[in-house]
Amino acid sequence: LVSVVVVSYNTRERLLACLAAVQSRVSLPHEVIVVDNASADGSAAAVRAGFPSAVVIENAMNAGFSRANNQGLRRGRGAYALVLNSDAEVAAGCVEAMAAILDARADVGIVGPRTRFGDGRIQLSFGPMLAPCAEWRQRRLVSGVRRGDPGALREVEAMASTEHEPAWVSGSCLLARRRALDAVGLFDEDFFLYEEDVDLCVRVRAAGWRIVFTPAAEVVHHLGSSMTAPGVALEYHRSHLRFYAKHHGWATRLLLRGGLAARGGLGWLTARGPETRRASADLIRLALRGR
């Protein structure tokens with residue numbers, strides 16, 4: 001049994017497409033658990049109407065990605081758990097290919113698939129341990145892919161063409177062994193949004209499990225569809241600071257805080273309106289507090 005956990009927040013149509021793909025393309029026995037973070041677009045009612053066998057958990061407020069996923073994971077009964085974004089659609093055979101790796105290799109805790117945009121372009125859905133130099137390279141590739149730069153696309157296609165063991169795979173779609181998740185206490189709920197997947201993989205690896213990326217499984221991720229809430233950019237920086245506080249020394253943390261403060265200061269000086277100035281001031285305060 002695979003427990004499919006989908007967290008939703010105002011992505012009704014994408015959510016329904018996500019669940020339809022699971023229903024039609026996953027041949028393994030599975031249960032579907034949707035955790036709705038107080039959507040205002042009728043997502044929960046639409047799931048109940050269209051997928052009556054799915055378990056729907058409705059939160060009275062937006063609990064964040066980590067906490068909502070943990071709600072679904074605790075409800076699930078499967079030995080394997082598929083964490084799936086509401087704006088992602090699994091291809092035929094995707095879950096089966098990842099499950100085959102968990103079946104065959106008892107020391108693998110998490111498997112991630114090759115991920116593409118809706119137009120077929122590759123996404124960079126795995127990477128090395130987050131650190132300043134590694135992040136610079138990763139962001140360069142991500143930016144190149146989004147621009148459609150041929151060199152970046154070729155490089156990421158090559159990286160995603162072979163199975164390997166990165167430090168982390170994206171939480172947009174990953175299949176985890178339940179025992180590995182239980183060993184580390186599921187997602188860290190102090191991450192509201194962003195980098196909770198990287199933190200999870202780092203802790204799973206530290207607990208002795210392997211993380212595997214496989215091109216034998218593929219998913220389409222309509223990147224960004226589920227990230228439309230106000231204050232998302234600030235949440236990213238807050239999660240970034242938390243990750244560095246957990247996994248890096250004081251010097252690296254200080255470097256990150258200084259960089260964020262400088263970025264906020266430059267944004268404040270060049271702001272063209274009160275909203276931009278306010279966002280820059282919030283970033284400066286966040287950097288000074290360090291969390």
Side-chain angles (χ1 to χ4, degrees), residues 7 9 37 61-69 85 87 123-147 149 152 156 166-172 184 187-206 221 223-291:
V7 174
Y9 180 71
N37 268 335
M61 59 182 292
N62 189 344
F65 190 72
S66 294
R67 184 173 299 176
N69 264 309
N85 273 18
D87 57 359
Q123 288 181 17
L124 190 52
S125 58
F126 54 85
M129 177 64 175
L130 296 187
C133 290
E135 285 195 77
W136 176 83
R137 182 173 184 273
Q138 190 89 351
R139 287 174 181 167
R140 178 181 64 83
L141 288 173
V142 169
S143 297
V145 165
R146 287 182 175 174
R147 291 194 311 269
D149 177 70
V156 177
W168 58 269
V169 293
S170 171
S172 61
V184 300
F187 285 97
D188 181 346
E189 296 184 4
D190 285 336
F191 289 92
F192 183 83
L193 187 65
Y194 293 115
E195 296 187 12
E196 68 291 312
D197 48 0
V198 184
D199 171 74
L200 176 70
C201 289
V202 169
R203 290 186 291 117
V204 166
R205 288 179 70 221
H221 183 207
L223 188 63
S225 299
S226 58
M227 304 297 182
T228 57
V232 161
L234 195 66
E235 284 301 332
Y236 169 78
H237 295 303
R238 182 176 286 113
S239 291
H240 209 48
L241 287 166
R242 173 159 184 77
F243 184 90
Y244 270 59
K246 285 186 69 174
H247 301 291
H248 287 287
W250 67 267
T252 308
R253 298 199 302 270
L254 190 61
L255 179 66
L256 175 62
R257 291 175 63 183
L260 290 179
R263 179 175 176 175
L266 181 61
W268 192 87
L269 290 172
T270 59
R272 296 184 178 181
E275 289 188 9
T276 305
R277 189 171 288 110
R278 189 180 306 113
S280 298
D282 288 342
L283 181 56
I284 294 171
R285 284 191 289 269
L286 180 64
L288 293 177
R289 290 197 307 268
R291 58 186 175 85

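Values reported hereafter were calculated over all heavy atoms of this structure, with side chains retained and with hydrogens, waters and symmetry mates removed.
- With values rounded to the nearest 0.5 angstrom, Leu234 atom CG is found 6.5 Å from Leu283 atom CG.
- Summarising the local packing, CZ of Arg263 is surrounded by 12 or fewer heavy atoms from other residues, nucleotides or ligands at distances under 6.0 Å.
- Judged by distance alone, the side chain of Glu235 and the main-chain N or O of Ala233 form no donor-acceptor pair under 3.5 Å.
- Pairing each heavy atom of Val145 with each of Val156, the nearest pair is CG2-CG2, 3.7 Å.
- A distance of 7.0 Å separates CH2 of Trp168 from CG of Leu130, quoted to the nearest 0.5 Å.
- Interatomic distance, His237 NE2 to Leu260 CG, rounded to the nearest 0.5 Å: 6.0 Å.
- Across all non-hydrogen atoms, the minimal contact from Gly171 to Asp197 is N-OD2, 2.7 Å.
- Distance check: Arg205 CZ to Leu200 CG gives 12.5 Å after rounding to the nearest 0.5 Å.
- Interatomic distance, CG of Leu124 versus CD of Gln138, reported as 4.0 Å (0.5 Å rounding).
- No donor-acceptor distance shorter than 3.5 angstrom exists from the side chain of Glu196 to the backbone of Phe65, with no hydrogens or angles considered.
- Here the side chain of Ser172 pairs no donor or acceptor atom with the backbone of Asn85 at under 3.5 angstrom.
- In Arg146, the CZ atom is not crowded: 12 or fewer heavy atoms of neighbouring residues, nucleotides or ligands sit closer than 6.0 Å.
- If you run salt bridge (Lys or Arg N to Asp or Glu O under 4.0 Å) between Asp190 and each of Arg67, Arg242, Lys246, Arg238, only Arg242 comes through.
- Separation of atoms CZ (Arg140) and CG (Asp149) is listed at 9.0 Å; rounding is to 0.5 Å.
- At a threshold of 4.0 Å, the pair Asp199-Arg203 counts as salt-bridged, since one of the basic side-chain nitrogens sits closer than that to a carboxylate oxygen.
- At most 12 non-hydrogen atoms from other residues, nucleotides or ligands lie less than 6.0 angstrom from CZ of Arg272.
- Qualifying ring-ring contact (aromatic ring centres under 6.0 Å, His included) partners for Tyr244, counting only residues two or more places apart in sequence or in other chains: His240, His248.
- When all heavy atoms are compared, the tightest approach of Tyr9 to Asn37 is CD1-O, 3.1 Å.
- Residue Ala167 comes nearest to Cys201 through the heavy atom pair O-CB, 3.5 Å, listed as atom of the first residue, atom of the second, then distance.
- For residues 123-137, every residue pair satisfying the salt bridge (Lys or Arg N to Asp or Glu O under 4.0 Å) rule, not counting sequence neighbours, is listed here: Glu135-Arg139, Arg137-Glu155.
- The minimum heavy-atom distance between Ser66 and Phe191, with the atom names listed, is OG-O, 2.9 Å.
- Counting all heavy atoms, side chain and backbone alike, Arg257 lies closest to Ala287 at NE-O, 2.8 Å.
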